[in-house]
Amino acid sequence: MKAALCNFKIPLKSENISLVKKVCNMKKAILCTTFICLLASAFAAQTTTVATVRATATGTTTSSQLTFTKWCAAGNAMCVAAIPIPASNPTSVQFTMWSVSNLWVGIGIGSSMADADIYIGWNAQTTKAMIVSDRTSSGHSLPASDSTQQIKVTTVPAVLNNTIPSNAKTIVSFTRALTVTSPDKSISKGSMSYIYAYAATRPASDISTSSFGQHDSYGSMTFDFLTLSAANNQSSLISSSSGGPIFVVSNSIIIHGIIMTIAWGLCPVAGIFIARYLKDALGIWWYYSHMALMLGGATVISWAGIIFIILTSSPPHFDLSSPHKPIGLAIGIDSVLQTALGFVCNHLWSPERRSIPWWDKVHWWNGRILAVLGLVNIYLGLNLYGAGLAFTVSFFVFIGVSLAILIAGQFFFGQVHHVKEDVEFTGGQISAQTVSFSKWCSSGSGICIAAIPVPAVNPTSVQFTMWSATNSWISFGIGSSMSDADVYVGWNALSNNAMIVSDRTATTHLMPVHDTNQQIKIASIPAVLSSTIPANPKTAVSFNRTLTVASPDKAITAGKMNYIYAVSTRHPTSDVASSTFLEHDTYGTFSFDFLTLPPANQTNQTTSDSGSSGGPIFTVANKNLIHGVLMTISWVLCPIIGIFVARYLKDVLGKWWYYTHVIVMFGGSLLLSTTGILFIVLTSSPPHFSLDSAHKPIGLAIGIDAIIQTVLGFICNHLWSPERRTVPWWDKVHWWNGRLLTVLALVNVYLGLSLANADLAFVITFFVIVGISIAAIVAGQLVYGQVHHI
């Protein structure tokens with residue numbers, strides 16, 4: 001028998017291979033030549049390879065030759081083989097997973113992570129022992145390890161020795177019954193839905209309950225692991241929904257949770273408390289504090305949290321598997337609208353109002369709903385990501401403390417509404433015979449203006465005297481706003497205390513321009529005011545001007561006229577009348593009759609600062625230039641790059657066209673433009689979005705639409721399918737809204753340059769950039785042509 005075998009009396013058919021191998025492995029088979037045994041082994045290896053790796057390619061392998069099924073992701077990033085036990089009418093199955101590049105691999109029974117029975121496998125770092133964890137997922141978070149592990153780790157089957165690459169980084173094998181108890185899912189013959197995931201990062205420890213970072217890539221597929229056939233021995237492309245995060249960050253969920261707790265836990269409570277109770281206690285600073293908390297805190301920080309979790313997690317980002325994500329997106333969008341409504345309310349505020357207007361009430365109630373919804377969503381997030389009991393208890397303790405603080409505020413302070421402001425009169429019933437001047441003072445900012453008509457009866461000119469005990473420069477202007485005012489700015493020289501007065505014209509909310517024709521004459525302070533002006537004022541100036549003047553100055557007439565005023569504690573940059581100076585600390589408006597002496601106009605009078613008065617929160621040199629640079633990058637450079645990449649480079653960059661587009665448009669246009677808006681709001685005095693110039697409201701509208709455009713982009717990506725035959729309407733809306741935004745933004749950059757009286761060099765540079773951008777778009781169309789993924 002042995003001689004016959006060695007002399008090829010038994011033909012080397014595939015069904016006799018195992019017998020030949022057994023004989024050749026016996027000591028007594030030493031009579032066989034080494035060549036015969038090697039040939040038999042090589043033939044056996046070739047047969048196994050054809051039955052597995054090449055099954056799809058040849059299509060000639062029969063079911064009787066197969067002992068396992070196999071599925072691989074694109075590029076063999078991970079593979080899963082299954083051996084039904086027994087081969088016919090199986091009751092259990094042995095899965096083997098491997099990867100040459102990843103340190104953990106996973107497969108799940110189910111169509112998504114919303115409800116899947118998941119198996120994660122990796123090899124111990126030191127011993128290379130196989131570790132497999134039976135888990136359950138109920139959302140897009142770390143799947144929880146099952147209390148009952150309905151699997152058994154087993155040795156990798158020998159039949160896979162020639163299938164698994166020798167350089168595989170990860171190999172695990174386990175057995176499980178086809179029928180299992182909940183929460184695990186049963187497996188049956190026929191195509192079933194599966195999900196898979198893998199990552200090149202190692203789990204936190206080498207125990208089956210270990211935590212691990214998010215997958216680098218994932219996908220879904222349908223497959224039949226129990227039917228032994230060539231069709232079930234193949235490689236499959238990664239699902240269209242697959243993809244990894246742009247950045248991998250440890251503990252990204254915890255960081256996101258901390259950011260959102262600050263944004264919608266701490267900031268709203270503090271912001272509401274200040275706006276409801278501390279208006280009188282803080283003065284104008286209640287508004288700045290409220291804005292810093294709600295705009296800089298709730299809105300900006302919450303969007304930072306949303307952006308962070310998008311960049312550090314895999315899509316879909318706003319699927320409906322859990323209410324936490326769509327509610328969070330809705331809160332983010334509404335927070336922008338709430339911020340805009342707050343600016344509108346501030347712009348429409350009037351010290352003469354007798355009741356609370358409806359837009360203020362809408363702002364209050366929308367804010368309250370947002371605050372409550374934000375807290376609800378934090379709780380939903382804690383549940384979604386399986387936060388421990390300590391986090392949940394801390395959350396409810398915080399809510400209790402917040403409610404206690406708000407109730408205490410109601411008892412100690414009570415709600416404060418800023419309605420009709422009182423006007424305080426000083427001087428009483430002063431007869432015309434005892435008063436030779438009229439006088440107006442602001443109560444808050446410490447500026448007084450006295451006027452002496454010359455002559456007292458039928459005057460043709462007037463001498464104004466301004467003083468302040470605390471401010472370095474003081475001013476007033478004839479007009480109702482800075483959009484059209486004849487302004488007089490006065491200060492005392494640092495070296496000799498000489499009086500300096502500058503006749504200027506204001507046409508925008510920028511520094512008034514020094515008039516070429518100074519229609520004023522500096523005069524000594526009248527002796528009649530010696531007992532009125534306090535001793536040693538910080539600033540005191542006096543000047544004459546005629547009632548009728550040439551344009552651009554404005555005439556003064558008897559009767560009440562509209563005036564504006566402004567003050568600052570910062571000295572001008574030099575002691576010449578044409579000097580530049582930083583923005584006012586406080587300003588306001590008033591109506592007054594400087595030409596009619598008391599008591600006919602019932603004054604000398606003191607009024608409160610205007611409700612719209614106030615200075616910037618931060619003082620920054622060249623703030624308009626910085627704002628312009630930020631907005632030029634946001635709306636000139638970034639959109640051109642983003643459109644070019646999305647329109648022409650889809651095939652060149654692969655999936656990275658999308659990541660590049662997101663970074664440029666989301667991180668560039670949206671975040672930088674938001675930064676630019678916040679910067680100019682915080683470094684300039686209100687009103688921030690007044691209608692005296694088209695630039696400001698257009699800029700706000702662009703900022704809001706940029707949020708909508710970004711959300712629409714994520715929706716388009718979520719709805720994308722590789723099976724689509726045409727471009728859907730939502731993609732087209734995204735395209736055209738983006739194009740309109742870009743054009744409108746370019747127009748607004750130019751409006752900003754005009755508003756700021758930018759040098760010709762800036763204007764020329766702007767048009768050069770626009771010209772180069774148009775040339776680049778045209779060149780892209782000619783070289784690449786528009787690419788649609790259909």
Side-chain angles (χ1 to χ4, degrees), residues 424 426-427 430 435-454 456 459 461-478 485-504 511-512 514-515 518-546 553 556 563-588 590 592 594-595 597-598 603-609 613 615:
E424 176 190 350
T426 62
I430 304 175
V435 176
S436 58
F437 61 89
S438 59
K439 177 172 69 75
W440 171 92
C441 293
S442 76
S443 62
S445 56
I447 175 178
C448 289
I449 305 169
I452 300 177
V454 182
S461 65
V462 61
Q463 180 172 355
F464 286 107
T465 302
M466 302 186 290
W467 67 89
S468 174
T470 56
N471 294 289
S472 292
W473 66 255
I474 52 182
S475 68
F476 78 99
I478 305 167
D486 178 15
V487 177
Y488 301 92
V489 182
W491 66 97
N492 295 112
L494 290 174
S495 58
N496 56 14
N497 210 39
M499 292 186 292
I500 303 166
V501 181
S502 175
D503 180 8
R504 300 185 175 230
M511 185 177 69
H514 183 74
D515 291 347
Q518 294 285 297
Q519 301 184 69
I520 60 171
K521 183 179 180 181
I522 294 177
S524 300
I525 295 175
V528 71
L529 296 176
S530 59
S531 61
T532 302
I533 299 175
N536 301 316
K538 188 166 187 178
T539 303
V541 295
S542 190
F543 65 95
N544 285 308
R545 59 150 280 173
T546 58
D553 288 357
I556 300 175
Y563 295 90
I564 60 175
Y565 68 93
V567 298
S568 175
T569 57
R570 295 161 298 205
H571 200 83
T573 55
S574 69
D575 286 333
V576 294
S578 58
S579 172
T580 59
F581 45 87
L582 293 176
E583 199 167 28
H584 40 66
D585 297 335
T586 305
Y587 75 99
F590 65 98
F592 198 71
F594 278 114
L595 297 184
L597 298 175
T603 54
N604 301 333
Q605 137 179 342
T606 300
T607 65
S608 299
D609 289 341
S613 66

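Both backbone and side-chain heavy atoms feed into the values below; hydrogens, waters and symmetry mates do not. Residue indices begin at 1 and follow the sequence shown.
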Should Thr465 and Thr532 be marked as a side-chain contact (heavy atoms from CB on, under 4.5 Å) after you check the CA-CA gap, both sets of side-chain angles, and the distance that decides it? CA-CA 11 Å; Thr465 302; Thr532 302; over 6 Å; no

How far apart are the C-alpha atoms of Asp503 and Asp486, what are their side-chain angles, what is the distance that settles it, and do they pass the side-chain contact (heavy atoms from CB on, under 4.5 Å) test? CA-CA 8 Å; Asp503 180 8; Asp486 178 15; 3.2 Å; yes

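Residues satisfying the side chain to side chain contact (heavy atoms under 4.5 Å, CB included) criterion with Thr580, sequence neighbours excluded, are Met511, Thr573. Contacts of Arg504 classified as salt bridge (Lys or Arg N to Asp or Glu O under 4.0 Å), with partners at least two apart in sequence or in another chain: none. For Ser495, the side-chain hydrogen bond (donor to acceptor under 3.5 Å, both in side chains) criterion is met by no residue, not counting sequence neighbours. For Trp491, the side-chain hydrogen bond (donor to acceptor under 3.5 Å, both in side chains) partners are Asp575, not counting sequence neighbours. Qualifying side chain to side chain contact (heavy atoms under 4.5 Å, CB included) partners for Ser531, counting only residues two or more places apart in sequence or in other chains: none. Annotation: ring pair (Phe, Tyr, Trp, His ring centres under 6.0 Å) contacts of Trp473 (sequence neighbours excluded): Phe581.
The side-chain hydrogen bond (donor to acceptor under 3.5 Å, both in side chains) test with His514 is passed by exactly one of Ser502, Ser578, Ser579: Ser502.
Distance check: Tyr488 OH to Met466 CE gives 10.5 Å after rounding to the nearest 0.5 Å. Between atom NZ of residue Lys439 and atom CZ of residue Phe592 there is a gap of 8.5 Å, rounded to the nearest 0.5 Å.
Residues Phe590 and Ser442 have side chains not in contact (no heavy-atom distance under 4.5 Å, counting atoms from C-beta outward). At least one side-chain heavy atom of Phe437 sits under 4.5 Å from a side-chain heavy atom of Val528.
Aromatic pair Trp440/Tyr565: ring centres closer than 6.0 Å.
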